[in-house]
Amino acid sequence: MSSVLEMKGIKKSFSNVEVLHGVDFSLEKGEIRALLGANGAGKSTLMKILCGIYSATDGEIHLEGKPVSITQPSTASELGIAIVHQELSIIPTLTVLQNFFLGREELSHGILKEKEMRKQYREICTEFEFDIDPDIQARKLSVAKQQMIEIMKILSLDAKIIVLDEPTTSLTDDEKKNLFGLIRQLKEREKTIIYISHVLEEIFLLADQATIMRNGEMVGTWPVKELTIPLISEYMTGNKIEHGQRGSTVQENMPPVLEVKNLCNQSVHDVTFSVKPGEVLGLAGLMGAGRSEIVRALFGADSKTAGSIQIAGKTVRIRTPRDAIRSGIGLIPEDRKTEGLILKHEIFKNMSMVQLKKLKKHSLLHEKTEKQFAKQAVEKLSIKLNKVTDQVGNLSGGNQQKVVVSKWISEDFKVLIFDEPTKGIDIGAKEDIFQIVDDFAKMGIGIIFISSDLEEVIRVADRMLIIRDGQVIEEMENKDVSQKDIMESILRGGKKVG
């Protein structure tokens, strides 16, 4: 194999703070290389330099042995380097076809050659077995399909080096399998793939080698077959991470803090369950099973057609999220960027938005009080930031998630719902989230925990509800339960065999 890329001594500083410290990174032609590291390790910064989004403060880049200067994304594209960002660049009001050719439209004397564009679109769809209507508006598609359009655009550019940044975050299991098959096809065509993911199981399925970064420096590169998840965790964090099931904090002798009876709407069918103080109730199921729909109906984000909800023995009427919050229910939503945060607002304002009534004095809200609350939350949740007045959108994914959690730091809340709280965050940040769940449970708060990673549900839950088609098909006490047990329950519809 021949070297296709060498990045030598790459440094990058922001406001005189160096975030990359002389990084060396090289790739062989036709390989799938995993690029791993905790949030803030520098991997995204390094890739943005490669793709011309940032300019390096110092260092050199060589492609196929020749020095190149990549100062803007168009230069990277001309050199055969392309990236599919974790944050999609789809314009929702444009059609699929318009998004696909955005910025590179086929023109003849200033007029769109739509027939030629449609032909090219059909060819790429046929070649890679995609089937998305070119005339539908992008906003009407799922996030997963929007992501596949982004990937299709890159494939049509015939790039030599393709960077995939967390490409499976919003994909179903079947869509992931299709993507993995596509990546292997690209490898067979001698395309070079840089694959960034926090889902380490994917690395073992796909990658030839894994490069690990930590704190803006290169830790090393290893053949994937020589690595294990604990070893990767140790290299990424600099510490050994001990995994184990949390100790139960359920207050068994107390009445339920939450009782849901016969909850129904278009997606939720006759759901009944309860949560005791200090209990972590896991909702397990495949993507699309209806787990999020259940908690959205509970929280008032979606309307319900039937059912009753009791908090601490008192029936409450929840028609909106405001009603839920007043009743003592908090939600850490699955999509933190659009439903949990206002990315252009300061960190302290995001933290205090649920607590405004509590923070007011004589009907007035003082910024000083908000900042004090924020600083206490930063210390309690170990949030890494420069100043609470910075924009929350500048934080890493793990620290953004902690900001979402910080809004609910109050003994007034009886129930907290964690919907996919570890999505898109690194191993170290996941451990912090698990500890936060445990800390809230120790306060006597009832927890509902949802994760597509069944191992995570097994790790944190005292009890599990198995969800399929918007209904509870089985309840399991978390005693020697395995992923296999949960999957068998899902596949057989929760009905006991024998």
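Heavy atoms only: backbone and side chains are in, while hydrogens, waters and symmetry mates are out.
Inter-residue side-chain proximity for Ile154 and Leu164 is flagged as unmet; no heavy-atom pair is nearer than 4.5 Å. Looking only at side-chain heavy atoms (C-beta outward), Met213 and Leu46 come within less than 4.5 Å of each other. The closest side-chain heavy-atom distance from Leu395 to Ile347 is below 4.5 Å. Put simply, the side chain of Lys43 does not reach to within 4.5 Å of the side chain of Phe25, judged on heavy atoms. Counting heavy atoms from C-beta outward, Thr422 and Phe434 have side chains that approach closer than 4.5 Å. Annotation: side chain of Val275 is not in contact with side chain of Val260 (no heavy-atom distance under 4.5 Å).
Under the 30°/60° scheme for interplanar angles, the aromatic rings of Trp222 and Tyr235 are found to lie parallel.
A side-chain donor-acceptor contact under 3.5 Å links Ser451 and Glu456. Side chains of Glu202 and Ser197: a donor-acceptor N/O pair is present below 3.5 angstrom, by distance only. In the model, Gln137 has no side-chain atom that pairs as donor or acceptor with a side-chain atom of Thr93 under 3.5 Å.
Looking at Arg291, its side chain does come within 3.5 Å of a backbone N or O of Gly285 through a donor-acceptor pair. A donor-acceptor contact shorter than 3.5 Å is absent between the side chain of Glu279 and the backbone of Thr249. The backbone N or O of Glu252 sits less than 3.5 Å from a side-chain atom of Lys276, completing a donor-acceptor pair. A distance-only check finds a donor-acceptor pair linking the side chain of Gln401 to the backbone of Pro421 [under 3.5 Å]. Of the possible donor and acceptor atoms, none in the side chain of Asn99 sits under 3.5 Å from a partner among the backbone N and O of Val96. Between the side chain of Lys407 and the main chain of Leu341, no donor-acceptor pair closer than 3.5 Å is present.
The existence of a salt bridge linking Lys484 and Glu488 is confirmed by a sub-4.0 Å separation between a basic side-chain nitrogen and an acidic carboxylate oxygen. Remark: Lys12 does not engage Glu18 in a salt bridge, criterion side-chain N to carboxylate O under 4.0 Å. Ion pairing between a basic and an acidic side chain is recognised when a charged N comes within 4.0 Å of a carboxylate O; Asp323 and Arg317 show no such pairing. The pair Arg459-Glu455 does not count as a salt bridge, with every side-chain nitrogen at least 4.0 angstrom from each carboxylate oxygen.
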Determine, stepwise, if the pair Val295 / Ile450 fulfils side-chain contact (heavy atoms from CB on, under 4.5 Å). CA-CA 9 Å; Val295 297; Ile450 299 172; 3.8 Å; yes
Step by step, would you call Asp462 with Asn478 a side-chain hydrogen bond (donor to acceptor under 3.5 Å, both in side chains)? CA-CA 5 Å; Asp462 298 295; Asn478 193 3; over 6 Å; no
Worked check of side-chain contact (heavy atoms from CB on, under 4.5 Å) between Arg463 and Met476: CA-CA 6 Å; Arg463 185 166 52 94; Met476 291 183 178; over 6 Å; no
Please lay out, stage by stage, how Leu416 and Val437 fare under the test side-chain contact (heavy atoms from CB on, under 4.5 Å). CA-CA 9 Å; Leu416 281 181; Val437 169; over 6 Å; no
Derivation and outcome, side-chain hydrogen bond (donor to acceptor under 3.5 Å, both in side chains), residues Gln400 and Lys337: CA-CA 8 Å; Gln400 285 183 6; Lys337 291 184 183 294; 2.9 Å; yes
Would you check, one step at a time, whether the test side-chain hydrogen bond (donor to acceptor under 3.5 Å, both in side chains) holds for Asp419 with Ser292? CA-CA 7 Å; Asp419 190 357; Ser292 294; 2.8 Å; yes
Chi angles and distances behind the side-chain hydrogen bond (donor to acceptor under 3.5 Å, both in side chains) call for Ser489, Glu474: CA-CA 7 Å; Ser489 175; Glu474 188 168 346; 2.8 Å; yes
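Between Pro277 and the choices Asn253, Val250, Val257, the side chain to side chain contact (heavy atoms under 4.5 Å, CB included) rule is met once, by Val257. Just one residue in the list Lys371, Glu346, Glu370 forms a side chain to side chain donor-acceptor pair (under 3.5 Å) with Ser352, and that residue is Glu370.
With sequence neighbours excluded, no residue forms a side-chain hydrogen bond (donor to acceptor under 3.5 Å, both in side chains) with Gln372.
Applying the 6.0 Å contact sphere to CD of Glu379 captures no more than 12 heavy atoms from other residues, nucleotides or ligands. In Gln483, the CD atom is crowded: over 12 heavy atoms of neighbouring residues, nucleotides or ligands sit closer than 6.0 Å.
Between Phe14 and Tyr54, the gap from one ring centroid to the other is short of 6.0 Å.
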